[in-house]
Structures are given as structure tokens and as C-alpha cells.
Asks: 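The structure is given below, and queries will be raised subsequently.
Sequence lines set the chain letters: A, B, ... in the order given, protein chains first and strands last, and positions in each chain run from 1. Fair warning: this is a prediction, and the values are worked out from it, not measured in the lab.
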Amino acid sequence: MAYWLLKSEPESFSIDDLRQKPNGIDAWDGIRSYQARNFLKTMQLGDLAFFYRSSCPVPGIVGTVKVVKTAYPDKTAWNPNEAHYDPKSTPERPIWYCVDVQWLSTFKDVIALRTLRQIPELKTMQLLQKGNRLSVTPVTAQEWKRIEALCLTFPQAQAFKKRL
DNA sequence: GCCAACGTTGGC
DNA sequence: GCCAACGTTGGC
């Protein structure tokens with residue numbers, strides 16, 4: 001089982017948007033970076049991911065999700081009306097892929113990027129590396145555990161633990 | 001709004 | 001295949 005971090009801008013897709021989908025499940029689509037796509041393709045059923053919100057007043061981790069469907073062609077790439085339309089990708093030769101994720105938990109408080117930077121054990125996080133722009137990054141088991149420990153100080157910790 | 005970092009494009 | 005120009009991301 002692997003751990004990940006998925007970025008999303010709350011103005012386009014928030015963790016509440018995901019939670020309100022049927023069964024809290026939706027496609028993590030619109031990824032148009034080869035590096036990020038390659039990570040998507042290595043995801044396995046049951047992998048866990050942090051939901052990170054970016055481009056907002058307090059960027060940070062807001063909850064967790066689970067991979068419930070492994071990589072399959074991203075249909076939004078074929079639709080000219082979609083923001084992430086890419087004519088180079090076709091149903092016959094798809095370039096872009098997505099996975100399905102299911103909402104697991106929303107933290108009572110965001111774990112701000114600013115907070116993450118202050119934790120010595122998290123210095124290795126890909127998210128925190130200089131110039132990192134990848135919207136899909138791997139998280140090590142140690143990093144996951146360290147952040148989970150942070151979560152357990154939050155009031156909603158019980159719910160979080162139960163769901164995992 | 002600024003700008004650093006980085007990926008992509010396209011001329012050569 | 002090089003690399004300058006350009007576009008995008010995303011924190012601040």
C-alpha cells in the first residue's frame with residue numbers, strides 16, 4: 001500500500017465537493033502533467049492520499065481520500081468544452097489518465113503548509129521541496145505517520161482513525 | 001500582483 | 001538535439 005498527496009484548488013474542486021458526490025467518490029481527472037500522470041498510473045486499490053488545497057489563503061492538507069479505482073483514460077481530455085481538453089489525446093490513443101478516489105475524512109483544522117514546513121521529519125516531503133509544482137506526489141510511510149500523529153491532536157481524530 | 005521554478009514548444 | 005521564449009503553477 002502506498003501513500004500520496006493530491007493537490008486541488010478549492011475554487012475548482014474542494015474536499016466538500018468530493019464528499020458530496022455519491023458515496024464520496026469521484027474521478028481525479030484533469031491531470032495534464034506527464035510526471036503526475038505516471039504517479040497516477042502506479043496507484044493501487046486502497047492506496048491512501050492526503051487532500052491538499054492550493055492557491056488559497058491558507059494552503060495545506062484538509063483531509064484524506066482512498067483510491068477506489070486504478071488508472072483509466074481521462075475522458076475530459078477528449079471533450080472540446082472541457083477546460084483541460086487536449087486534442088492530442090483520443091479514445092484510441094489516450095494520453096491522460098485519472099483514478100477514482102473516495103472521501104475518507106476532513107480534518108477539523110487544515111494542516112497548513114506553514115505548519116508542515118516547521119516539522120523536521122517532514123523536510124523530505126516532495127511537497128516541501130523548492131520549486132515543486134507537481135499536483136500528485138508520493139508520501140512515504142514515515143511522512144504519513146508523522147502527519148497522522150499531528151491529526152490525532154485534532155478533535156475529529158477518532159473519526160479519522162476509525163475510517164482508516 | 002509578483003516572481004521563482006519548471007515544463008513545453010518550436011525554430012534552427 | 002539544443003535552447004530561447006513562453007506559459008503555468010502556486011506561495012507569498
Asks: How many Å lie between CG on A/L128 and P on C/dT9, as a whole number?
Replies: 20 Å

Asks: Just checking A/R117: base, sugar-phosphate only, or nothing, at a heavy-atom cut-off of under 4.0 Å?
Replies: sugar-phosphate

Asks: Between C/dG10, B/dT9, C/dC12, which nucleotide gets closest to the side-chain atoms of A/K88?
Replies: B/dT9

Asks: Rounded to whole angstroms, how far apart are CG on A/D86 and C1' on B/dT9?
Replies: 13 Å

Asks: Distance check: side-chain N/O of A/K130 vs OP1/OP2 of B/dA4, anything under 4.0 Å?
Replies: no

Asks: Taking the nucleotide of DNA chain C with the nearest heavy atom to each, does A/H84 or A/R114 sit closer to the 5' end?
Replies: A/H84

Asks: Quick check: A/Y34 with A/W96 (ring centres under 6.0 Å apart)?
Replies: yes

Asks: Starting at CD of A/Q35 and ending at P of B/dA5, how long is that distance when rounded to a whole Å?
Replies: 17 Å

Asks: Look at the side chain of A/Y34 and decide which nucleotide, out of B/dT9, C/dG11, B/dT8, has an atom nearest to it.
Replies: B/dT8

Asks: Roughly how many Å is it from CG in A/L5 to C1' in C/dG10, rounded to a whole number?
Replies: 14 Å

Asks: For a 4.5 angstrom cut-off between non-hydrogen side-chain atoms, does A/D74 reach A/I31?
Replies: no

Asks: Are any of A/Y52's side-chain N or O atoms less than 4.0 Å away from OP1 or OP2 of C/dG11?
Replies: yes

Asks: Whole angstrom is fine here: how far is it from CD1 in A/I31 over to P in B/dT8?
Replies: 13 Å

Asks: Could you give the CZ-to-C1' distance, from A/R32 to C/dG7, as a whole number of Å?
Replies: 17 Å

Asks: Can you find a heavy atom in the side chain of A/L48 that is under 4.5 Å from one in the side chain of A/M1?
Replies: yes

Asks: Just checking, any donor-acceptor pair under 3.5 angstrom between side chains of A/S55 and A/E11?
Replies: no

Asks: Starting at CG of A/N132 and ending at C1' of C/dG10, how long is that distance when rounded to a whole Å?
Replies: 10 Å

Asks: Among the candidates B/dA5, C/dG10, C/dG11, find the nucleotide nearest to the side-chain atoms of A/R133.
Replies: B/dA5

Asks: What residue among A/F50, A/F39, A/Y52 forms ring pair (Phe, Tyr, Trp, His ring centres under 6.0 Å) with A/W4?
Replies: A/F39

Asks: Within this structure, what is the CD1-to-C1' distance between A/I61 and C/dG11, rounded to whole angstrom?
Replies: 16 Å

